Number of protein chains: 2
Amino acid sequence: MIGDRWSLLIIRDAFDGIRRFSELQRNLGLAKNILASRLRELVAQGILTMGPATDGSAYHEYTLTAKGRELFAVIVALRTWGETHLFEGDEPRSALLDVKNELPVRLQVTNAAGEPISSDDAFVRKVS
Amino acid sequence: MIGDRWSLLIIRDAFDGIRRFSELQRNLGLAKNILASRLRELVAQGILTMGPATDGSAYHEYTLTAKGRELFAVIVALRTWGETHLFEGDEPRSALLDVKNELPVRLQVTNAAGEPISSDDAFVRKVS
DNA sequence: CACGAGTGGTTTCAAATTGAAACTGCTTGA
DNA sequence: TCAAGCAGTTTCAATTTGAAACCACTCGTG
């Protein structure tokens, strides 16, 4: 799933409201066969569904399932990191804003009490 | 960076304290040439650094830079999603816990006021 | 209602990437 | 001292990618 170049970008676009095959292809600039293959995989994994278009046309569109929408935090995290590290100086960038007040969205790793923590404050435990 | 199968897994292992080449290779089960190539790339991108080993041996080890450590939220998000969706039933899984109280770590997308939001509550704005 | 453009793919084929295995040279511990 | 481990590199076959051509269907326009 995360194991390739395009799947997460497709999911990101899906969160941005992109639903159509051709729109995805133009947006991402990937080959149509690769896009078709990735969409097939994402549908098979239950992250996207293919349904009839909502605009009345005979085409169909891809939308996120509940399982797919749960990737929101992943996309926000990657977007945040990318915005601060993947640009040099004056390149075009974008921000994720709250619909209501248009202030930037934030992402926090917290403990059970809701206090922000860093990687030093956490450890992994194997669970059988 | 996110554009391949192994880089994020290497970074995840780095957060788990894996620092040595051979340890990464055993853990991830990838070919040594691919691992060497990915480590080179990650170092070149300033996500990892290669330094002398801290255990006194003449070998060296890879550690996360500040830029790399800022990927913590991404790794936590992916880990959380994977734990709830990538296992069926009784397979081995792991949890990320707070060092102090051993309670699970959580991840939240919030607005500026700190209130949790979903993908419907946010939109992307292009900024020049 | 014909037709040119757009949609949503599949097929084909060359080029790039991956992965397994063998090989190398240095280090470590017994 | 010497076998095992570390940290790679090289080689080569197999898989994956990406560009381009092709195809069938649908839409809007005149």
Side-chain angles (χ1 to χ4, degrees), chain A residues 1-65 68 75 78 82 86, chain B residues 1-65 68 75 78 82 86:
Chain A
M1 216 286 300
I2 73 154
D4 85 284
R5 184 171 168 189
W6 296 111
S7 299
L8 277 173
L9 291 170
I10 292 171
I11 293 166
R12 182 202 59 183
D13 274 17
F15 275 114
D16 291 357
I18 313 292
R19 298 164 201 292
R20 299 288 284 265
F21 186 95
S22 57
E23 217 173 348
L24 284 167
Q25 202 227 322
R26 269 193 300 275
N27 241 309
L28 299 173
L30 83 172
K32 294 165 69 167
N33 50 353
I34 308 297
L35 177 55
S37 152
R38 289 301 168 273
L39 288 172
R40 248 194 313 273
E41 287 171 19
L42 289 170
V43 169
Q45 293 182 49
I47 292 169
L48 294 178
T49 38
M50 190 177 65
T54 52
D55 63 353
S57 76
Y59 303 124
H60 49 263
E61 58 188 33
Y62 296 89
T63 51
L64 289 163
T65 62
I75 299 298
L78 276 169
L86 255 39
Chain B
M1 215 288 296
I2 71 154
D4 84 284
R5 183 169 169 190
W6 296 112
S7 299
L8 277 174
L9 291 171
I10 292 169
I11 292 166
R12 182 202 60 183
D13 274 15
F15 274 114
D16 290 355
I18 313 291
R19 298 165 200 293
R20 299 286 284 265
F21 185 96
S22 56
E23 217 173 348
L24 285 167
Q25 203 228 323
R26 267 192 301 275
N27 241 307
L28 299 172
L30 82 172
K32 295 166 70 165
N33 51 350
I34 306 297
L35 177 56
S37 152
R38 290 300 168 275
L39 288 172
R40 248 196 313 273
E41 287 171 21
L42 289 170
V43 168
Q45 291 182 50
I47 291 169
L48 294 178
T49 37
M50 192 177 66
T54 52
D55 63 353
S57 75
Y59 303 122
H60 49 264
E61 61 186 32
Y62 295 89
T63 51
L64 289 162
T65 63
I75 299 298
L78 276 169
L86 255 40

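This structure is a prediction, so every number in the text was calculated from the model and none was measured. Protein chains get the first letters and strands the later ones, always in sequence-line order, with residue 1 at the start of each.
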Please give, in whole Å, the distance from [N] [atom2] to [X] [atom1]?
X     : N      : atom1 : atom2 : answer
A:L24 : D:dG18 : CG    : P     : 15 Å
B:H60 : D:dA7  : NE2   : C1'   : 6 Å
B:W6  : D:dT16 : CH2   : P     : 13 Å
B:F21 : D:dG5  : CZ    : C1'   : 13 Å

Any chance you could measure [X], atom [atom1], to [Y], atom [atom2], to the nearest 0.5 Å?
X     : Y     : atom1 : atom2 : value
B:R40 : B:L35 : CZ    : CG    : 10.0 Å
A:I47 : A:L64 : CD1   : CG    : 9.0 Å
B:N33 : B:Q25 : CG    : CD    : 9.5 Å

Do you know which two heavy atoms are closest between [X] and [Y], and how far apart they sit?
X     : Y     : result
A:R19 : A:T63 : NH1-CG2, 3.2 Å
A:A14 : A:L48 : CB-CD2, 4.4 Å
A:K32 : A:F21 : O-CZ, 3.6 Å
A:I18 : A:N27 : CD1-ND2, 3.4 Å
A:R12 : A:L28 : NH2-CD2, 3.9 Å

Residue set satisfying side-chain hydrogen bond (donor to acceptor under 3.5 Å, both in side chains) with A:S37, at least two apart, ordered chain then number -> none

Per-nucleotide protein contact string for nucleotides 24-30 of chain D, where B marks a base within reach and S marks sugar-phosphate only (heavy atoms under 4.0 Å, - for neither): --BS---

Residue pairs fulfilling salt bridge (Lys or Arg N to Asp or Glu O under 4.0 Å) with at least one residue in residues 49-62 of chain B, sequence neighbours excluded: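 Passing the test, one end in residues 49-62 of chain B: B:R20-B:D55.
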
Give the residues of residues 26-41 of chain B touching DNA chain D, defined as any heavy atom closer than 4.0 Å, sorted by residue number.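 Here the set is B:R26, B:K32, B:N33, B:A36, B:R40.
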
Give me the first and last nucleotide of DNA chain C, going 5' to 3', that has any atom under 4.0 Å from a heavy atom of chain A. C:dG6 to C:dT12

Show me the side-chain donor-acceptor pairs of residues 1-10 of chain B shorter than 3.5 Å, one per line, residues at least two apart or across chains.
unit_1 : atom_1 : unit_2 : atom_2 : d
B:D4   : OD1    : B:S7   : OG     : 2.5
B:D4   : OD2    : B:W6   : N      : 2.8
B:D4   : OD2    : B:S7   : N      : 3.4
B:D4   : OD2    : B:R38  : NE     : 2.8

Phosphate oxygens OP1/OP2 of D:dA7: is one of them under 4.0 Å from a side-chain N or O of B:R20? yes

